[in-house]
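In what follows, every chain begins at residue 1, and chains take the letters A, B, ... in the order their sequences are listed. Please read all numbers here as calculations on a predicted model, not as lab measurements.
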Amino acid sequence: MDSKYASYGKAKDKRNNFDTKAKRVKLSIDNKNNNPQKENKHVNGLDTEISHYKENPDDIKEMRKLLPVYAVRHRILEEIRKHDTMIIVGETGSGKTTQIPQILHEHRLEDTAAIAVTQPRRVAAITLALRVATEMSADIGSFVGYCVRFEDVTSPKTKVIYLTDGMLLREAIMDPLLMKYSIIVLDEAHERTVNTDVLFGIVKLAQKERKLRGSKLKVIVMSATMDVDTFRNYFDNCAVIYLEGRTYPVTIYHTKLKQEDYQYAVVCAIFQLHASTPADHDFLVFLTGQEEIETVMANIKQIAKESPGPQIRVCPLYAGLPANKQLVVWKPIPPGMRKIVLATNIAEASVTIPKIKCVIDTGVVKERSWCRVTGAERLHVVPCSQAACWQRAGRAGRTAPGAAYRLYTAADFAARPQHNTPEILRCPLAATLLMLIATGMDPGTFPLIDAPSPDSVQASLILLKELGAIENENNPKLKALGKKMTAFPIDPKYSRVIISAPEYGCLDEALSLVAVMSSENIFHTPLHKREEALKVKQKFVSPLGDHVTLLNVFKAFCKAPLKKQWCKENYLNHRNLSYASDIRAQLFAICQRLNMEVTSCGTDLDQLLKCLLSGLFTNCAWARGIVTSGTGRYVTASGSGASIHPASVLHLKRPPPPALLYTELLQTKRAYLVTVSAIQPHWLHQVAPDYARRCRANR
DNA sequence: TCGTCCGCG
């Protein structure tokens with residue numbers, strides 16, 4: 001155990017040292033209840049336990065009447081009748097997402113068309129629809145339904161449709177005026193996901209155009225944040241309704257001193273609170289990632305052995321954790337024991353853990369950003385916004401009054417930005433721009449609350465031009481190839497791979513590979529079982545590189561009869577492989593619709609790599625002739641240095657391949673090429689001659 | 001020799 005805390009748990013005298021150390025966290029009451037309203041305000045999110053409710057219809061009616069929104073339903077209705085666009089700010093538990101669509105439906109405000117209620121997440125769309133169907137005593141898929149990727153549970157009679165905003169965006173490609181709906185409710189607007197931001201513009205333009213045609217579209221934006229000025233300005237100073245929430249007060253504590261090392265501070269805070277808090281108070285701790293969670297978990301277990309107080313059960317929670325291990329968080333524990341949940345920001349909005357009384361917030365988050373010049377994505381730990389801090393604190397007040405211990409000072413808090421940087425300013429834009437162009441929008445004039453820099457837009461338009469999707473970056477007109485690309489709900493580079501595949505006779509393999517690459521990491525490597533996980537991976541490894549290795553794993557997964565068991569034995573993530581399998585089926589169906597011939601290249605895997613290169617030709621790296629500084633042994637097309645990621649099967653391979661095709665350029669401590677294959681340098685000239693010429697000219 | 005936040009179609 002190389003933990004820097006490990007020694008504290010070993011001897012009692014060192015425990016004293018731990019307690020009296022100057023560095024220990026001092027928790028003080030800096031702003032106890034000074035602003036109880038504010039404490040609740042960014043709390044939102046969906047109770048995943050919603051779907052487990054089983055009540056009789058009378059109870060449900062009574063429960064609806066108790067919701068804050070019920071009392072003001074007539075006023076809401078009146079306002080919505082009056083205004084074409086409005087913003088509803090509702091705190092957690094106000095019932096806005098489940099009740100307002102019902103109120104609209106009961107008063108037949110949707111007319112002959114339907115009501116769309118969008119959500120950033122699939123599970124939310126599904127569970128909300130199930131809840132509302134129960135409340136309205138309807139079968140799901142009748143007049144209440146939902147629509148998410150792989151699952152359309154609606155019928156022509158469906159009047160209230162819960163759907164992901166990604167799904168509504170895809171509908172906009174077919175019908176930019178969204179004529180199917182007379183009311184569109186955009187929920188969780190404060191999260192500012194790329195899809196929600198783009199939908200704002202789509203509905204705004206659709207509303208304007210439909211007004212001219214005498215077909216009204218009502219737009220209702222729902223948000224948990226109180227800072228609605230940005231939204232209000234964007235929607236031409238529309239009306240705003242505020243709804244009260246249903247949460248309990250959360251007392252906020254800040255540290256008196258700045259904590260230099262939050263990983264150290266968090267362990268100190270846990271044990272200080274552990275010694276002073278009743279055993280039935282569960283803790284929720286916000287950390288940044290898998291490795292950090294595993295390290296802190298090991299430290300807690302070590303110290304707990306020597307520590308007085310109730311028994312501790314530590315539960316890790318992050319998205320990459322296999323589902324069965326995630327579920328442990330929701331399992332009840334024996335009385336007299338304390339549950340400590342160590343979570344990433346998955347617990348901030350995506351999932352709700354009941355009975356949390358105490359939140360410990362490190363105040364940091366791991367954020368991904370994109371560099372338009374090198375195409376590199378960066379993962380780094382940054383302080384989170386004030387809004388995120390309130391959101392985290394609110395997790396302690398879901399079922400009873402609680403407390404939030406912030407491992408940063410009140411001054412530090414005050415100096416933070418109010419909101420996180422919207423995703424649209426941080427991510428590659430090619431997919432979004434292609435979607436917009438396919439919807440008939442002009443990327444130059446499309447209204448966005450926060451517009452990305454013209455340089456970022458330009459960089460992504462150039463990529464779309466190079467992929468053959470649009471004519472020109474200055475006058476982006478969709479080409480036939482681009483039109484075909486939008487049929488596939490995947491990254492434009494990958495849809496280009498699929499469309500090229502028949503040419504290389506490898507559509508069968510390309511579909512599998514693109515499906516796996518569109519899913520999350522399929523390898524699960526726990527910190528303490530790394531060696532064993534690496535050993536079992538060997539049977540899938542191909543000398544050609546990571547891509548063929550991924551393909552080998554996917555093929556074996558498809559053949560395995562007991563998939564869950566098989567994944568466990570092979571240290572693979574069953575959820576992500578199943579997801580890849582679903583994506584493959586979806587892509588396959590689209591190929592059939594487009595009359596594409598599904599052929600296999602058999603053992604001629606060079607064909608597959610060339611095909612991959614036809615979409616990822618901008619992702620080539622060449623071995624450096626002369627080893628210069630420590631920036632890496634390869635150089636990319638943009639001229640930046642990088643090394644093969646150590647998790648790659650080509651890492652440390654001798655001799656190093658002269659040229660590589662990489663999936664991702666990731667900047668962590670250094671720049672790494674992630675998921676790579678060896679290619680012949682002359683392939684680039686065969687596969688993408690125009691690009692190869694320009695690329696050589698620039699180098 | 002690395003340690004992959006969260007999501008969507």
Side-chain angles (χ1 to χ4, degrees), chain A residues 2 45 118-125 147-152 163-173 188 191-199 286-295 317-321 343-351 362 364-369 377-382 384 388 391 420 423 426-427 431-432 434-435 438 486-492 494-495 515 518-527 530 534 573 576 579 582-583 586-587 590 632-633 643-648 650-653 663-664 666-675:
Chain A
D2 58 349
T118 71
Q119 294 293 317
R121 282 169 292 276
R122 290 167 50 91
V123 266
C147 184
V148 298
R149 191 179 192 178
F150 311 130
E151 242 187 307
D152 181 354
L163 75 178
T164 49
D165 31 29
M167 215 62 207
L168 191 60
L169 272 181
R170 286 209 79 81
E171 285 186 21
I173 299 179
E188 310 284 18
E191 289 195 25
R192 301 295 308 276
T193 66
V194 176
N195 286 346
T196 321
D197 271 15
V198 173
L199 270 183
F286 282 97
L287 294 163
T288 65
Q290 173 181 349
E291 197 207 7
E292 194 172 276
I293 286 172
E294 285 178 356
T295 309
L317 183 66
Y318 48 91
L321 196 69
T344 59
N345 55 352
I346 190 174
E348 208 176 282
S350 303
V351 298
T362 55
V364 280
V365 66
K366 196 172 275 183
E367 202 178 71
R368 189 181 274 255
S369 56
E377 298 214 57
R378 199 160 69 117
L379 266 175
H380 58 160
V381 174
V382 292
C384 59
Q391 176 86 9
N420 288 346
E423 204 188 352
R426 292 188 279 115
C427 71
T432 302
L434 182 60
M435 212 275 334
T486 59
F488 297 90
I490 49 177
D491 187 282
Y494 295 160
S495 47
S518 302
S519 178
E520 297 294 314
N521 190 2
I522 58 170
F523 297 108
H524 177 65
T525 5
L527 210 57
R530 206 180 110 254
L534 272 174
N573 187 309
N576 293 344
Y579 189 63
D582 288 341
I583 296 173
Q586 188 186 31
L587 300 179
I590 296 166
R633 283 194 292 280
S643 312
I644 297 178
H645 193 277
S648 167
L650 295 183
H651 179 65
L652 297 180
K653 188 180 161 77
T663 308
E664 194 182 8
L666 186 68
Q667 174 89 39
T668 48
K669 277 179 185 152
R670 297 169 65 191
Y672 290 106
L673 304 168
V674 184
T675 313

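Checking side-chain atoms of Thr362(A) against main-chain N and O of Phe286(A) turns up a donor-acceptor pair under 3.5 Å. For Ser519(A) (side chain) and Asn576(A) (main-chain N/O), a donor-acceptor pair under 3.5 Å exists by modelled atom type. For the pair Thr295(A) (side chain) and Glu291(A) (backbone), a donor-acceptor distance under 3.5 Å is present.
Residue Leu379(A) is classed as a base contact, given a heavy-atom separation below 4.0 Å to a base. Contacts of Thr193(A) with the nucleic acid, taken as non-hydrogen atoms under 4.0 Å apart, are absent. Arg368(A) comes within 4.0 angstrom of a nucleotide base, judged by non-hydrogen atoms across all strands. Gln290(A) comes within 4.0 angstrom of sugar-phosphate atoms only, judged by non-hydrogen atoms across all strands, and of no base. Using a 4.0 Å heavy-atom criterion, one finds that Val148(A) contacts the sugar-phosphate atoms exclusively. Among the protein residues, Leu666(A) comes within range of no part of the nucleic acid, since none of its heavy atoms lies under 4.0 Å from any strand. Counting non-hydrogen atoms under 4.0 angstrom, Arg530(A) reaches a base of the nucleic acid.
With dC8(B), dG7(B), dC2(B) as the choices, the nucleotide that has an atom nearest any side-chain atom of His645(A) turns out to be dC2(B). Nearest nucleotide to the side chain of Glu423(A), out of dT4(B), dG7(B), dG9(B): dG7(B). In the set dT1(B), dC5(B), dC8(B), dC5(B) carries the atom at the smallest distance from any side-chain atom of Asn345(A). Of the candidate nucleotides dT4(B), dC5(B), dG7(B), dC5(B) has the atom nearest to the side chain of Thr344(A). The side chain of Ser350(A) approaches dG7(B) more closely than any other nucleotide in the set dC2(B), dT1(B), dG7(B). Side-chain proximity of Thr164(A) to the nucleotides dG9(B), dG7(B), dC2(B) is greatest for dG9(B). You'll find that the side chain of Tyr318(A) is closest to dC6(B), out of dC8(B), dC6(B), dC2(B). Of the candidates dG7(B), dG9(B), dT1(B), the closest approach to any side-chain atom of Tyr672(A) belongs to dT1(B).
Checked against salt bridge (charged side-chain N to carboxylate O under 4.0 Å, His left out), Arg368(A) has the following partners two or more places apart in sequence or in another chain: Glu377(A), Glu664(A). With sequence neighbours excluded, the residues forming a side chain to side chain donor-acceptor pair (under 3.5 Å) with Gln586(A) are Arg149(A), listed by chain and number.
To the nearest angstrom, P of dG9(B) lies 12 Å from CG of Leu199(A). For the pair Leu287(A) CG and dT4(B) P, the computed distance is 13 Å after rounding to whole Å. Remark: C1' of dC5(B) and CZ of Arg378(A) are 14 Å apart, rounded to the nearest angstrom. In this entry the distance linking CZ of Arg670(A) with P of dC2(B) reads 6 Å, nearest Å. Counting to the nearest Å, the P atom of dC5(B) and the CD atom of Glu191(A) are 19 Å from each other. In this structure, Glu292(A) atom CD and dT4(B) atom P are separated by 9 Å, rounded to whole Å. For Glu377(A) and dC6(B), the CD to C1' distance is 13 Å, given to the nearest whole Å. Taking atom CG of residue Leu321(A) and atom P of nucleotide dG7(B), one finds them 12 Å apart after rounding to whole Å.
At dT4(B), one or more side-chain N or O atoms of Lys366(A) fall inside 4.0 Å of OP1 or OP2 (strictly under the cut-off). For the OP1/OP2 pair of dG9(B) and a distance below 4.0 Å, the side-chain nitrogens and oxygens of Ser518(A) include no atom meeting the criterion.
If Arg426(A) and Leu652(A) are placed on DNA chain B by their nearest nucleotide, the residue sitting closer to the 5' end is Leu652(A).
We find the CG-NZ distance between Asn345(A) and Lys366(A) to be 10.5 Å, quoted to the nearest 0.5 Å.
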